[in-house]
Amino acid sequence: SGIKMVRLNDDGTRADNQIHALASRGGGAIEAPFIVRRCGYYYLFVSFDRCCDGASSTYNIRVGRSADVLGPYVDADGKPMMEGGGTQLVTGAARYRGPGHNAVIFSDSRAYNVFHAYDANDAGRPKLRVAELVWDSAGWPISGGP
């Protein structure tokens, strides 16, 4: 039913019984959450659609942000991620299809988007992709992928 979050204690055990809903597509495919904090916002990266079908995969990476780690997260147009929102960050291209399940790595003053995609030039085999992330004037990430 979507992306959820629970609080943990320092030892990794659950802190309470609350489940916090962060993003949903009303039954549509959404998975692989990754959250980073940058410049006063938490950015929730997720994958939409179908993974793991080689060059026929339709996976794509979306992002929303919030001032609070528990949300609400909205996309660049202001649509809540709990209502299917999510600004598209990376989508498939002629060669690399179905990009998804990303992570964001910061190194010094640079950020990188790390994800997998399926190489249509290599029988749809999965490949690790690394693309630099830049941030627009409104604070939204732009990926150099796929």
Side-chain angles (χ1 to χ4, degrees), residues 1-8 12-15 18-136 138-146:
S1 65
I3 305 299
K4 312 287 190 212
M5 179 183 284
V6 298
R7 287 188 188 274
L8 300 176
T13 60
R14 229 159 128 183
Q18 288 188 319
I19 298 174
H20 304 274
L22 304 181
S24 177
R25 294 185 67 203
I30 182 173
E31 62 182 16
F34 195 88
I35 296 176
V36 298
R37 185 162 191 228
R38 181 183 181 276
C39 297
Y41 287 103
Y42 293 91
Y43 290 83
L44 172 60
F45 296 83
V46 297
S47 296
F48 277 19
D49 299 330
R50 190 178 74 235
C51 171
C52 312
D53 197 16
S56 296
S57 297
T58 59
Y59 232 23
N60 60 94
I61 301 169
R62 308 286 179 121
V63 64
R65 72 180 182 191
S66 173
D68 186 315
V69 72
L70 297 177
Y73 287 88
V74 298
D75 65 20
D77 292 328
K79 184 174 183 178
M81 290 187 78
M82 282 300 300
E83 298 173 13
T87 299
Q88 193 159 64
L89 182 67
V90 182
T91 189
R95 179 173 180 184
Y96 292 107
R97 301 182 184 167
H101 221 117
N102 79 309
V104 175
I105 298 170
F106 293 96
S107 179
D108 296 321
S109 63
R110 299 174 93 165
Y112 299 92
N113 190 18
V114 180
F115 56 94
H116 69 75
Y118 300 92
D119 190 343
N121 292 355
D122 189 17
R125 289 184 176 87
K127 302 288 173 80
L128 178 66
R129 305 288 297 155
V130 179
E132 188 165 4
L133 278 179
V134 296
W135 307 82
D136 71 15
W140 289 95
I142 301 168
S143 178

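Residue Cys52 holds its SG atom at 5.5 Å from NE2 of His116, rounded to the nearest 0.5 Å. Here the straight-line distance linking atom CG of Leu89 with atom CZ of Phe48 works out to 12.0 Å at 0.5 Å rounding. Here the straight-line distance linking atom CG of Leu8 with atom OG1 of Thr13 works out to 7.5 Å at 0.5 Å rounding. Rounding to the nearest 0.5 Å places CZ of Phe34 at 7.5 Å from CG of Asn102. Here OG of Ser24 is found 6.0 Å from NZ of Lys4. Values are rounded to the nearest 0.5 Å. Between the CG atom in Leu22 and the OH atom in Tyr73 there is a gap of 6.0 Å [rounded to 0.5 Å].
Ring centers of Tyr43 and Trp135: under 6.0 Å apart, within the cut-off.
By the 4.5 Å heavy-atom criterion applied to side chains, Leu70 and Arg7 are counted as neighbours. The closest side-chain heavy-atom distance from Asp49 to Arg25 is below 4.5 Å.
Annotation for His101: atom NE2 does not count as buried by contact number, only 12 or fewer foreign heavy atoms lying within 6.0 Å. Other residues, nucleotides and ligands contribute only 12 or fewer heavy atoms inside 6.0 Å of the OH atom of Tyr41.
Scanning both residues, Ala138 and Arg65, for their nearest heavy atoms gives O-NH1, 2.9 Å. The heavy-atom pair separating Ala131 from Ser143 by the smallest distance is CB-OG, 3.7 Å. For Pro33 against Val46, the heavy-atom pair with the smallest separation is CA-CG1, 4.3 Å. Smallest separation of non-hydrogen atoms from Gly2 and Ile30: CA-CG2, 4.0 Å. Of all heavy-atom pairs spanning Cys51 and Glu31, the tightest one is CB-OE2, 4.3 Å. Of all heavy-atom pairs between Val63 and Pro141, the closest is CG1-CG, 4.0 Å.
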Exercise for review: Evaluate the criterion side-chain contact (heavy atoms from CB on, under 4.5 Å) for residue pair Met5 and Val69; output intermediate values, then yes/no.
Suggested key: CA-CA 9 Å; Met5 179 183 284; Val69 72; 3.9 Å; yes
Practice task
Dump the intermediate steps for side-chain contact (heavy atoms from CB on, under 4.5 Å) on Met81 and Ser66, then the final yes or no.
Solution key: CA-CA 10 Å; Met81 290 187 78; Ser66 173; over 6 Å; no
Report task. Evaluate the criterion side-chain contact (heavy atoms from CB on, under 4.5 Å) for residue pair Tyr96 and Asp119; output intermediate values, then yes/no. Result -> CA-CA 5 Å; Tyr96 292 107; Asp119 190 343; 3.9 Å; yes
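Listed by first then second residue, pairs satisfying salt bridge (Lys or Arg N to Asp or Glu O under 4.0 Å) with a partner in residues 68-94 number zero, not counting sequence neighbours.
Between the Thr91 side chain and the Asn60 main chain, no donor and acceptor come within less than 3.5 Å of each other.
By the salt bridge (charged side-chain N to carboxylate O under 4.0 Å, His left out) test, Arg97 is found to be paired with no residue, residues two or more places apart in sequence or in another chain being considered.
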